[in-house]
Amino acid sequence: MSDVPLSARFLTSASSLADTPRDHLPEVAFVGRSNVGKSSVLNCITGARKLARTSKTPGRTQLFNYFDLDVGGRLVDLPGYGYAKVPARISAAWRIRISTYLAKRAQLGGLVLVMDARHPFQDKDVNMISECASAELPVLALLNKSDKLSKSAKLKCLHKSRETLFALQYGADDLILFSAHTGEGAEAARNWILERLEPE
Ligand code: GDP
């Protein structure tokens with residue numbers, strides 16, 4: 001169990017599968033539509049206030065950014081998707097690279113899909129989860145910004161999200177209400193990640 005942040009440090013960036021780290025350290029990847037708070041979630045989980053800023057520096061937003069964890073294993077920050085400002089041709093190319101990664105990366109132990117709890121499971125998210133299901137890759141549906149929901153809205157959101165996840169072949173353990181601002185769900189998210197980093 002981990003109620004302390006998973007300390008991490010930036011290792012490298014990769015622009016294609018050919019550039020990715022060649023060792024076989026287990027990885028958990030993070031992905032999400034733009035502005036869902038993926039960087040804030042990564043910072044919260046690792047306890048580093050500016051860790052994911054690395055991924056946002058000009059020139060790095062389209063790259064796969066790797067962070068080594070002190071406990072062993074690696075987190076991978078994948079490019080965000082659904083940016084209004086990015087031409088469709090370019091975002092389609094990122095999407096293909098992400099799909100290839102999810103399907104082919106042997107040491108990938110799981111994917112954390114960050115969504116906004118106020119409007120989760122948009123078409124692009126569902127497509128991503130379906131691809132993971134086909135690849136038999138564990139997925140954590142992380143519903144961020146839970147602090148924006150009332151208590152009853154949280155319950156409703158959890159209930160509906162569970163149904164959606166079941167239909168996509170995932171279970172209740174693969175769903176976490178999270179707030180990068182309050183830390184809600186951080187311990188559960190860290191534990192989910194640590195389990196996916198353990199060797200089989
Ligand atoms: P990214 O583009 O997905 O990496 O998102 P950022 O981490 O840059 O966050 C986008 C915006 O959402 C920023 O204004 C954050 O302050 C805000 N944000 C991120 N996480 C939370 C959260 O848990 N609660 C609330 N209320 N706002 C959040």
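No hydrogens, no waters, no symmetry mates; every other heavy atom, side chains included, goes into these values. Ligands are counted one by one from 1 in listed order, and the atoms in each one are counted from 1 as well.
Protein heavy atoms are found less than 4.0 angstrom from atom 6 (P) of ligand 1. For atom 28 (C) of ligand 1, the nearest protein heavy atom lies closer than 4.0 Å.
Of the polar atoms of Ser146, none of the N or O atoms is found under 3.5 Å from an N or O of ligand 1, judged by distance alone. Of the N or O atoms in Asn144, one or more lie within a sub-3.5 Å distance of an N or O in ligand 1. At under 3.5 Å, not a single nitrogen or oxygen of Phe178, backbone or side chain, sits near a nitrogen or oxygen of ligand 1.
No donor-acceptor pair under 3.5 Å is formed between the side chain of Asp116 and the backbone N or O of Val36. A donor-acceptor distance shorter than 3.5 angstrom exists from the side chain of Tyr170 to the backbone of Ala133, with no hydrogens or angles considered. Side chain of Asp174 to main chain of Ala141: no donor-acceptor pair is present (N/O by atom type, distance under 3.5 Å, no hydrogens or angles).
Here is the list of ligand 1 atoms found below 4.0 Å of a heavy atom in Lys148: 26 (N). For ligand 1, the atoms closer than 4.0 angstrom to any heavy atom of Gly37 are 1 (P), 3 (O), 5 (O), 6 (P), 7 (O), 9 (O), 19 (C).
The heavy atom nearest to atom 12 (O) of ligand 1, out of those in Lys38, Arg33, Lys145, is found in Lys145. Nearest-residue assignment for atom 26 (N) of ligand 1 (options Asp147, Asp116, Val36, Thr182; heavy-atom criterion): Asp147.
At a cut-off of 3.5 Å, with distance as the only test, a side-chain donor of Thr20 or Arg105 sits close to an acceptor on the other residue.
Ser40 OG, 3.3 Å is the protein heavy atom nearest to atom 19 (C) of ligand 1. Distance from atom 16 (O) of ligand 1 to its nearest protein heavy atom, with residue and atom name: His181 NE2, 3.5 Å. At the top of the distance list for atom 8 (O) of ligand 1, counting protein heavy atoms only, stands Lys56 NZ, 2.5 Å. In this structure, the protein non-hydrogen atom closest to atom 10 (C) of ligand 1 is Asn35 OD1, 3.2 Å. The single protein non-hydrogen atom nearest to atom 23 (O) of ligand 1 is Ala180 N, 2.8 Å, given as residue, atom name and distance. Taking atom 4 (O) of ligand 1 as the reference point, the nearest protein heavy-atom neighbour is Ser39 OG, 2.6 Å.
To the nearest 0.5 Å, the span separating CZ on Arg33 from NZ on Lys124 amounts to 6.5 Å. Between the CG atom of Leu11 and the CG atom of Leu75 there is a distance of 11.5 Å, given to the nearest 0.5 Å.
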Exercise for the section: Evaluate the criterion salt bridge (charged side-chain N to carboxylate O under 4.0 Å, His left out) for residue pair Glu195 and Arg190; output intermediate values, then yes/no. Expected result: CA-CA 9 Å; Glu195 276 174 29; Arg190 290 186 192 113; over 6 Å; no
*Just do the salt bridge (charged side-chain N to carboxylate O under 4.0 Å, His left out) check on Arg74 and Asp68 with the steps written out, would you?*
CA-CA 5 Å; Arg74 216 164 255 161; Asp68 275 348; 2.5 Å; yes
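We find that Lys145 and Glu184 are not joined by a salt bridge, their nearest charged nitrogen and carboxylate oxygen being 4.0 Å or further apart.
At least one heavy atom of Ser179 sits closer than 4.0 Å to an atom of ligand 1.
Residues Phe64 and Tyr101 bring their aromatic ring centres within 6.0 Å.
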